[in-house]
There are 2 protein chains.
Amino acid sequence: MLIDEAAAVAPLAAPVPEKRVRDRGATEKTILKAAKALLAEEGFQNFGINAVARRAGCDKQLIYRYYGGLNGLIEATGADLGTWVRDRIPEDTGGMFLLTYGDLIERLALLFLEALRDDPLMRRIVAWEVSENTEQVRRLAEARSKALSQWLERMRGSLAPPKGVDAVAINAILIAAIQHLVLSAAAGGQCAGLVLKTPKDWEKAATALKRIVRGVYG
Amino acid sequence: MLIDEAAAVAPLAAPVPEKRVRDRGATEKTILKAAKALLAEEGFQNFGINAVARRAGCDKQLIYRYYGGLNGLIEATGADLGTWVRDRIPEDTGGMFLLTYGDLIERLALLFLEALRDDPLMRRIVAWEVSENTEQVRRLAEARSKALSQWLERMRGSLAPPKGVDAVAINAILIAAIQHLVLSAAAGGQCAGLVLKTPKDWEKAATALKRIVRGVYG
DNA sequence: GTTGCTAATCACCGTCGGGTGACAGGGCTG
DNA sequence: CAGCCCTGTCACCCGACGGTGATTAGCAAC
């Protein structure tokens, strides 16, 4: 039988060539998915045309053809970021009544912390942002920033920050702290002497974060 | 004359071959200096044997011989970090009397912020730390962490944190915030919607930081 | 001067990266 | 069926990288 013959001739190669369907749309999706997975798992160090093509199991030429190269692919990734943040961070207030601005920020901070912890791709992008300053990264950073601020805006509702404090600056510091905490933990399991491995460790970090929020916003 | 002849023959090359002295110690220092400068200016993306050798103006073989490769060179860089932090961050209290733990942390936070802002190499190392998790980076991170904690210890003196608060966690968050703020600013001139370019911008960030410190430590 | 040590360089290898042009093959139209 | 367009693949170029062996050249002791 032909099948047996083929199996006997090349037993080490992929036994099923998977009969690649000629479907541009599907291939495009596969490539984009591969790019995101690769970025999430390997980081931006080894991120490139060849790596994505290998991962996607297709020829790199297709990336050039369908996305116009790596830049276009990254741009497409950025375009996904908005919908993607919407998917991963809950919109509701978890049944809580957010009476004060402090309540709101505390909840948002913890939500953001958790979301970032659970999200390798987002972490990589954040790490990328602070490591390089190329056009690619700027695009990605802008997309992420926009998605984040839109989310914050949506969650804020009608609550206004207390007078007399620079809420933009304070919140930027809080976000910075959360991002660096998560990045540092993901990279080395600790940050500035604070071990961040077990859920208990994160419990402590969350408590401290809440304390800080309450300290400034009451 | 021989010199004129050489100049006539190769006018485009370095006109003065610089008469490289045969001095191993000096060469080692040159290499180390080049490595640090390169890392500070270009970042870890393009950091490698060839780049360092080019920058140092010597053959890469010497890096292998004297430092046992890039790893050894990085290790040597890490060894310098301690003395180097000592050099760049003032030890005195600037004539202030630090009466409370809050006074202390506020001052340390601002000192650290300023020192990191002024220090490209340290910034690159921090960025490297959160971007990769290789043995090299771990070594470097450890050296930096040790230097930082020693400095904190020295500055702390006899002041103790208030009871009832997890000072380690709080301070880790503060350090994380400062690091990410500076990194983000260096990369893109802003952080989470907060523009960080002019001294006035940084003024606002410092004010917010002080407010946070005072909020938790009084 | 001759010899020996070693600092410094040169030349080369294999590998991998980005990028491009040519080619094979399926599926649809006439 | 013949033609064509489009998807997918292959083969190649160039350059940069990490790494290594052989080679040159200066200094010092004899």
Side-chain angles (χ1 to χ4, degrees), chain A residues 6 10 13-14 16-35 38-39 42-77 128 131-132 134-137, chain B residues 2-3 6 10 13-14 16-35 38-39 41-77 128 132 134-137:
Chain A
V16 178
E18 295 198 7
K19 200 73 179 67
R20 186 169 261 315
V21 284
R22 286 167 67 87
D23 183 343
R24 171 165 178 162
T27 304
E28 284 181 3
K29 283 190 179 178
T30 303
I31 292 173
L32 190 59
K33 204 173 153 190
L38 192 66
L39 189 53
E42 304 287 332
F44 57 91
Q45 324 290 349
N46 304 325
F47 189 73
I49 287 280
N50 291 306
V52 173
R54 258 198 307 274
R55 174 88 182 214
C58 72
D59 198 279
K60 57 181 170 182
Q61 176 69 16
L62 300 183
I63 300 175
Y64 286 105
R65 228 178 269 165
Y66 298 154
Y67 291 97
L70 201 60
N71 281 358
L73 184 55
I74 289 174
E75 207 147 329
T77 305
W128 206 356
S131 301
E132 259 184 299
T134 63
E135 188 56 33
Q136 303 174 351
V137 174
Chain B
L2 282 175
I3 291 178
V16 179
E18 297 198 6
K19 200 75 177 68
R20 188 169 259 313
V21 285
R22 284 168 69 86
D23 183 342
R24 171 165 179 162
T27 304
E28 284 182 3
K29 283 190 180 179
T30 302
I31 292 173
L32 189 60
K33 205 173 154 190
L38 192 68
L39 188 54
E41 292 170 24
E42 304 288 331
F44 57 92
Q45 322 291 348
N46 304 325
F47 189 73
I49 286 280
N50 292 306
V52 173
R54 258 197 309 274
R55 173 87 183 214
C58 71
D59 198 277
K60 58 182 170 181
Q61 176 70 16
L62 300 183
I63 299 175
Y64 285 105
R65 250 205 277 285
Y66 298 154
Y67 291 97
L70 201 60
N71 281 357
L73 183 56
I74 290 174
E75 207 147 330
T77 304
W128 206 355
E132 258 184 300
T134 64
E135 189 56 32
Q136 304 174 350
V137 174

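Here is how names work: the chains are called A, B, and so on, in the same order as the sequence lines, proteins then strands, and each is numbered from 1. Note: hydrogens, waters and symmetry copies are ignored here, and every other heavy atom, side chains too, is used.
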- Considering only heavy atoms from C-beta outward, does the side chain of B/Tyr67 approach that of B/Glu28 to under 4.5 Å? yes
Which atom pairs link the protein and nucleotides 18-23 of chain C when you take only N or O atoms and keep those under 3.5 Å?
from	atom 1	to	atom 2	distance (Å)
C/dG18	OP1	A/Ile49	N	3.2
C/dG18	OP2	A/Ile49	N	3.2
C/dG18	OP2	A/Asn50	N	2.9
C/dG18	OP2	A/Asn50	ND2	2.7
C/dG18	N7	A/Asn50	ND2	3.4
C/dG18	N7	A/Lys60	NZ	3.2
C/dG19	OP2	A/Tyr64	OH	3.0
C/dG19	O5'	A/Tyr64	OH	3.3
C/dG19	N7	A/Lys60	NZ	2.9
C/dG19	O6	A/Lys60	NZ	2.5
C/dG21	O6	A/Gln61	OE1	3.4

- Whole-Å distance separating the CD atom of B/Glu42 from the P atom of D/dA16: 14 Å
- Query: Separation of B/Ile63 atom CD1 from C/dA7 atom P, in whole Å?
  - Reply: 15 Å
- Note on the structure: CG of B/Leu70 to OG1 of B/Thr77, rounded to nearest 0.5 Å, is 8.5 Å
- Rounded distance in Å - CD (B/Gln45) to P (D/dA16): 18 Å
- Query: Say you draw a straight line from CD1 of A/Ile63 to CD1 of A/Ile31; how long is it, rounded to the nearest 0.5 Å?
  - Reply: 5.0 Å
- Query: Nearest-Å distance, CG (B/Asp23) to P (C/dC5)?
  - Reply: 21 Å
- Measure the spacing between CG of A/Leu32 and CD1 of A/Ile74 and express it to the nearest 0.5 Å. 11.5 Å
- Message: Under 4.0 Å from OP1 or OP2 of C/dA7: is there any side-chain N or O of B/Thr27 that close?
- Response: no
- Test item: A/Gln45 and B/Gln45 side chains (from C-beta on) under 4.5 Å apart, heavy atoms: yes
- Who passes side chain to side chain donor-acceptor pair (under 3.5 Å) against B/Asn50, sequence neighbours left out? B/Lys60
Any protein N or O atoms within reach of nucleotides 3-6 of chain D? Criterion: under 3.5 Å, listing atom names and distances.
from	atom 1	to	atom 2	distance (Å)
D/dC6	O2	A/Arg22	NH2	2.5

- Under 30°, 30 to 60°, or over 60°: which ring-plane class applies to B/Trp128 and B/Phe47, parallel, tilted or perpendicular? perpendicular
- Item | Separation of atom CZ in A/Arg54 from atom P in C/dT15, rounded to whole Å | 14 Å
- Task: Measure the CD-CG distance between A/Glu132 and B/Asn46 for me, rounded to the nearest 0.5 Å.
- Result: 8.0 Å
